[in-house]
Amino acid sequence: MEFSVKSGSPEKQRSACIVVGVFEPRRLTSVAEQLDVISEGYISNLLRRGDLEGRAGQMLLLHQVPNILSERVLLVGCGKERELDERQYKQIISKTIKTLNETGSMEAVSFLTELHVKGRDTYWKVRQAVEATQDSLYTFLQLKTKKDELRRPLRKIVFNVPTRRELPIGERALAHGLAVADGAKTAKDVANMPPNICNPAYLLKQAEQLETQYDNLHVSSVNEQQMDELGMHSYLAVGRGSANESIMTIMEHKGGPADQAPIVLVGKGLTFDSGGISIKPGQGMDEMKYDMGGAASVLGAMHTISELNLPINIIGLLVGCENMPDANAYRPGDILTTMSGQTVEVLNTDAEGRLVLCDALTYVERFDPELVIDIATLTGACVIALGAHASGIMSNHNPLAHELINASEQSGDKAWRLPLWDEYQEQIESPFADMANVGGRPAGTITAACFLSRFTKKYNWAHMDIAGTAWTGGKNKGSTGRPVPMLSQFLMNRAGIESED
Ligand code: BES
Ligand code: MN
Ligand code: ZN
């Protein structure tokens with residue numbers, strides 16, 4: 001897909017399609033108004049006859065509009081003018097892109113970026129438009145033998161900005177939006193890959209593939225033998241029932257001064273989570289290939305920040321592992337010694353994410369991190385608490401939690417904080433070990449974070465539970481690429497990248 005920004009008037013465009021908005025009820029945007037004047041009332045006539053009310057998401061494709069140079073005009077319903085918010089804007093863009101893609105316009109000039117969205121500027125509108133476009137055109141067809149491809153797909157889109165003065169801002173938004181969209185695509189591709197292909201070694205291979213593209217990116221890995229020497233017995237226990245070796249991939253982006261403390265991202269990379277001996281029910285178990293969504297988002301964010309070449313040091317870990325039942329598998333009742341020296345009584349082998357993460361979180365102490373964020377599809381309880389709309393955030397450092405929430409609001413990749421009070425710690429006490437790996441059903445998301453908090457005392461840390469946001473299930477099954485946009489935004493903020501130079 002080819003993107004550009006331009007500043008021009010609608011009637012001067014010579015394109016396969018020009019896209020303009022109509023508000024409810026039957027009210028032309030100023031751009032549509034311009035076309036209406038040139039076409040001698042052609043558009044307002046149609047509206048009067050009732051062809052388009054202007055409800056959000058309504059589409060009306062017109063051909064050969066009188067006196068208009070472009071082949072087609074796509075009228076897009078934008079709802080009530082005063083109600084146009086961020087969510088509706090993104091939905092309108094997505095629907096428009098899908099319509100263009102399916103109706104034979106290989107190129108288009110969109111004036112939707114000129115719509116007034118409460119509290120948002122041109123930078124935001126162009127950037128979101130780019131991200132929403134790439135998101136809505138995403139497909140995963142690598143493993144289909146018959147790919148029913150469109151004969152005339154959308155190839156080129158121009159986003160119009162209101163004034164020439166805003167062109168540089170539009171260009172910047174475009175570059176940032178593309179970098180974020182590339183990262184999200186990387187995350188989706190690896191997450192959608194089936195678990196017989198995408199195993200811990202595959203995650204490493206994807207990181208190495210990125211390494212070849214960027215000079216500042218360096219990849220290394222820790223295998224099972226090395227984990228054993230490091231004392232990562234909790235991590236190793238989870239992978240013991242699997243024929244696929246556990247591999248922890250380390251990606252280092254060196255964009256800042258050599259002595260600058262790095263920001264560390266740690267992604268849960270369960271390439272398949274059967275539950276192990278505490279096996280999961282069969283229904284929907286296929287979706288547990290997405291249990292590496294945290295690692296996928298770290299890989300994606302590393303792609304984005306490499307593309308932007310952010311001038312700070314960032315390290316990403318893909319904590320690769322597979323949880324399977326087997327004669328060799330770990331069991332309920334086992335007591336494990338973690339890399340930190342603390343012991344854990346396993347009460348449920350399906351609470352495996354925290355067991356791999358705790359050792360990775362101890363491992364990263366060696367980097368003397370500025371801060372650490374782990375990202376994990378950790379608990380079904382988070383899906384119950386927040387649904388598919390927001391990721392959960394828990395942190396031992398209030399300013400960090402606020403920064404993350406801020407980044408989520410800027411990027412539209414929503415997140416919400418849950419408390420991490422000491423009261424909850426009692427739920428994971430064990431009579432035989434320093435802690436148990438589960439804390440019962442109440443506040444399952446928080447007790448999982450409580451478990452991790454016992455391994456993150458040496459640095460500022462935040463935990464993101466993305467169980468509800470990383471993928472969608474059912475017939476529209478697929479990775480969402482979340483939370484690549486918000487992680488990227490957080491890192492851009494940290495690097496001092498703004499919408500203007
Ligand atoms: N990967 C799952 C969490 C999960 C479940 C994410 C469903 C998305 C949808 C995790 O490893 C797990 O199984 N967690 C258990 C923890 C429980 C045993 C304390 C859960 O949430 O049921
Ligand atoms: Mn599990
Ligand atoms: Zn899991």
Side-chain angles (χ1 to χ4, degrees), residues 191 195 198-200 203 234-235 237-242 244 246 266-297 318-325 329-334 344-358 360 374-392 394 418 424 427-430 435-452 463-474 477-480 482-483:
C198 177
N199 54 33
L203 292 179
S234 178
Y235 187 164
V238 175
R240 237 174 37 213
S242 169
N244 293 307
S246 295
V266 177
K268 173 178 172 184
L270 264 287
T271 58
F272 188 69
D273 176 16
S274 67
I277 298 298
S278 313
I279 198 162
K280 289 180 180 292
Q283 177 82 7
M285 205 204 269
D286 61 292
E287 291 183 12
M288 279 299 123
K289 72 170 184 177
Y290 289 118
D291 209 18
M292 38 63 75
S297 71
L318 317 180
V319 186
C321 189
E322 185 180 45
N323 187 19
M324 296 290 265
Y330 79 132
R331 351 159 166 65
D334 284 0
V344 180
E345 182 183 16
V346 177
L347 297 182
N348 189 321
T349 62
D350 198 11
E352 83 299 335
R354 61 199 78 180
L355 296 174
V356 299
L357 288 173
C358 69
D374 78 77
I375 304 99
T377 48
L378 205 61
T379 63
C382 195
V383 190
I384 304 301
L386 298 173
H389 304 302
S391 305
M394 284 137 278
L418 300 174
Y424 295 101
Q427 285 176 238
I428 54 170
E429 281 169 9
S430 157
M435 68 197 91
N437 80 327
V438 297
R441 279 167 57 84
T445 302
I446 296 172
T447 54
C450 283
F451 181 95
L452 297 178
H463 160 62
M464 288 188 64
D465 197 326
I466 59 166
T469 53
W471 78 92
T472 51
K477 190 164 67 176
S479 165
T480 58
R482 293 176 68 182

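The first residue of the sequence shown is numbered 1, and numbering continues consecutively from there. Both counts, for ligands and for their atoms, begin at 1 and track the order of listing.
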Legend entry - Gap separating the CG atom of Asn348 from the CG atom of Asn437, nearest 0.5 angstrom: 6.5 Å
Legend entry - Considering only N, O or S atoms of Glu352, the one closest to the Zn ion (ligand 3): OE2
Legend entry - Donor-acceptor under 3.5 Å (Glu287 side chain, Trp471 main chain): no
Inset, instruction - Please answer whether the main-chain N or O of Val266 pairs with a side-chain N or O of Asp374 as donor and acceptor at a distance below 3.5 Å. - result: no
Legend entry - Test item: Tyr330 side-chain N/O and Thr349 main-chain N/O as donor-acceptor pair under 3.5 Å: yes
Legend entry - Angle subtended at the Zn ion (ligand 3) by Asp291 OD2 and Lys268 NZ, rounded to 10 degrees: 90°
Inset, instruction - Could you grab the distance from atom OG1 of Thr271 to atom NZ of Lys289, nearest 0.5 Å is fine? - result: 12.0 Å
Inset, instruction - State whether the side chain of Tyr235 and the backbone N or O of Gly320 hold a donor-acceptor pair below 3.5 Å, judged by distance alone. - result: yes
Inset, instruction - Write down, by chain and number, every protein residue that brings a non-hydrogen atom to less than 4.0 Å from an atom of ligand 1. - result: Lys268, Asp273, Lys280, Met288, Asp291, Asn348, Asp350, Glu352, Arg354, Thr377, Leu378, Thr379, Gly380, Val438, Ala467, Trp471
Legend entry - Protein N, O or S atoms lying under 2.8 Å from the Mn ion (ligand 2), listed by chain and number: Asp273 OD2, Asp350 O, Asp350 OD1, Glu352 OE1
Legend entry - Leu270 near the Zn ion (ligand 3): N/O/S under 2.8 Å: no
Inset, instruction - Start with the C-alpha distance between Asp291 and Thr377, add both sets of side-chain angles, then the distance that settles side-chain hydrogen bond (donor to acceptor under 3.5 Å, both in side chains), and finish with yes or no. - result: CA-CA 6 Å; Asp291 209 18; Thr377 48; 2.4 Å; yes
Legend entry - Shortest non-hydrogen contact from Ile375 toward Ser297: CG2-OG, 3.5 Å
Inset, instruction - Using modelled atom types only, decide if a donor and an acceptor are shared between the side chain of Asn244 and the backbone of Pro200 within a distance under 3.5 Å. - result: no
Legend entry - Side-chain heavy-atom pair His463, Ile446 within 4.5 angstrom cut-off: no
Inset, instruction - May I ask you to check if any N/O/S atom from Asp273 comes under 2.8 Å of the Zn ion (ligand 3)? - result: yes
Legend entry - Any side-chain heavy-atom pair of Asn199 and Glu322 under 4.5 Å: no
